[in-house]
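Heads up: the structure comes next, in structure tokens.
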Amino acid sequence: MMYADLHLHTNYSDGTFTPQELVARAFDAGLQTLSLTDHDTMEGCQEMLDACAKVGLTFITGCEFTVEFEDQELHLLGYGMRLENPELQSTLSYYQSVRRERIIRMTERLAGLGIRILPEKVVEIVQCNSPGRPHLARALIAGGHCTSIDDAFANYLKKGKPAWVAKPKLNAEKAIDLIHRTGGVAVLAHPGITRKDELIAGLVSVGMDGLECFYIRHSTPMTEHYLVLADKHRLLVTGGSDCHGMNKGHPSVGKIKLEQPFVESLQRAIANRQSSISTAL
Ligand code: AMP
Ligand code: FE
Ligand code: FE
Ligand code: ZN
């Protein structure tokens with residue numbers, strides 16, 4: 001049997017592994033197909049593709065978009081988009097600049113609480129263009145202000161906590177349209193963690209293609225529930241470990257093994273989309 005892990009992060013967003021390190025770990029875990037789904041960036045995809053090719057693994061381009069739908073924040077996974085598309089690149093660059101600005105504003109909030117995280121320190125830790133709260137959590141730990149990433153989120157960074165700052169988000173409908181026009185398919189990430197089932201029918205009506213039924217923090221009944229929903233709405237089924245490297249001490253790559261028939265359905269859907277955009281040109 002061949003297996004895939006289609007939800008992975010590198011140090012191009014808030015993961016700690018380079019694409020090469022991640023591929024080496026995935027290879028050792030016995031996976032055959034990978035996607036890279038960094039937050040709001042596809043910068044690591046070419047390196048990941050090259051690293052996969054070297055060891056004979058299949059790679060599917062990907063990205064995890066932070067979007068909003070009916071005033072709720074959701075994570076949308078895009079798979080199969082063409083890397084070189086200028087509109088996709090400029091949209092991602094814009095949301096990366098929003099992320100960088102947000103980190104600065106969060107350090108200002110922390111300063112107001114008497115916690116000095118020097119901008120230089122953040123810059124040192126945030127070497128990627130698409131930083132997130134986990135980077136700030138690492139800076140808080142390095143400065144001795146928090147003992148762990150969970151501690152940093154619980155006390156400062158979670159929504160409603162003193163250093164939290166809202167982030168402008170891409171509209172889900174626009175994101176789905178952009179994913180489609182650049183040759184990809186759109187999948188709702190970790191629905192059992194987001195717990196906004198009431199939005200799924202609406203997302204399907206604006207073109208969402210799939211549900212991430214298999215996810216590291218989904219219980220077995222949750223997975224079953226989303227498999228039933230996927231079947232009801234005729235959606236693709238995906239799965240992944242959401243590995244962020246060593247963020248939580250033990251890498252999760254390969255802890256979710258998506259079975260090959262699901263991978264092939266996804267690949268077919270991407271191929272269909274790619275051929276429909278080619279003929280539209
Ligand atoms: P951001 O993209 O800045 O909104 O940060 C969200 C990211 O932070 C998520 O993708 C997770 O990787 C991470 N995250 C969210 N909540 C927690 C938490 N309680 N503990 C650790 N990491 C978290
Ligand atoms: Fe993350
Ligand atoms: Fe996510
Ligand atoms: Zn993720």
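Position 1 is the first residue of the sequence, and the numbers go up from there. Computed over heavy atoms, backbone and side chain alike; hydrogens, waters and symmetry mates excluded. For ligands, and for the atoms within them, numbers begin at 1 and follow the listed sequence.
Not a single N/O/S atom of His39, whether from backbone or side chain, sits less than 2.8 Å from the Fe ion (ligand 3). Among the atoms of His7, an N, O or S atom is found under 2.8 Å from the Zn ion (ligand 4). Taking 2.8 Å as the criterion, His9 counts as a coordinating residue of the Zn ion (ligand 4), since one of its N, O or S atoms falls below it. Taking 2.8 Å as the threshold, His9 does not count as a candidate ligand of the Fe ion (ligand 2), since none of its N, O or S atoms lies below it.
If you take OG on Ser35 and CG on Asp5, they are separated by 9.0 Å, rounding to the nearest 0.5 Å. Separating the CG atom in Leu76 from the CD1 atom in Ile179 is a distance of 4.5 Å, to the nearest 0.5 Å.
Side-chain polar atoms of Glu68 and Gln72 form no donor-acceptor pair below 3.5 angstrom. Between the side chains of Glu64 and His9, at least one donor-acceptor pair of N or O atoms lies under 3.5 Å. There is a side-chain donor-acceptor pair under 3.5 Å between Gln46 and Asp50.
For the pair Leu188 and Met208, the minimum side-chain heavy-atom distance is below 4.5 Å.
Checked against the Zn ion (ligand 4), the N, O or S atom of Asp242 at the shortest distance is OD1. As for His244, its N/O/S atom nearest the Fe ion (ligand 2) is the one called NE2. Note on Asp14: its N/O/S atom closest to the Fe ion (ligand 2) is OD2. Looking only at its N/O/S atoms, Glu64 has OE1 as the one nearest to the Zn ion (ligand 4). Distances from the Fe ion (ligand 3) to the N/O/S atoms of Glu64 are shortest for OE2.
Taking the Fe ion (ligand 3) as the apex, the angle formed with ND1 of His75 and NE2 of His190 is 100°, to the nearest 10 degrees.
Surrounding OH of Tyr95 are more than 12 heavy atoms belonging to other residues, nucleotides or ligands, all under 6.0 Å away.
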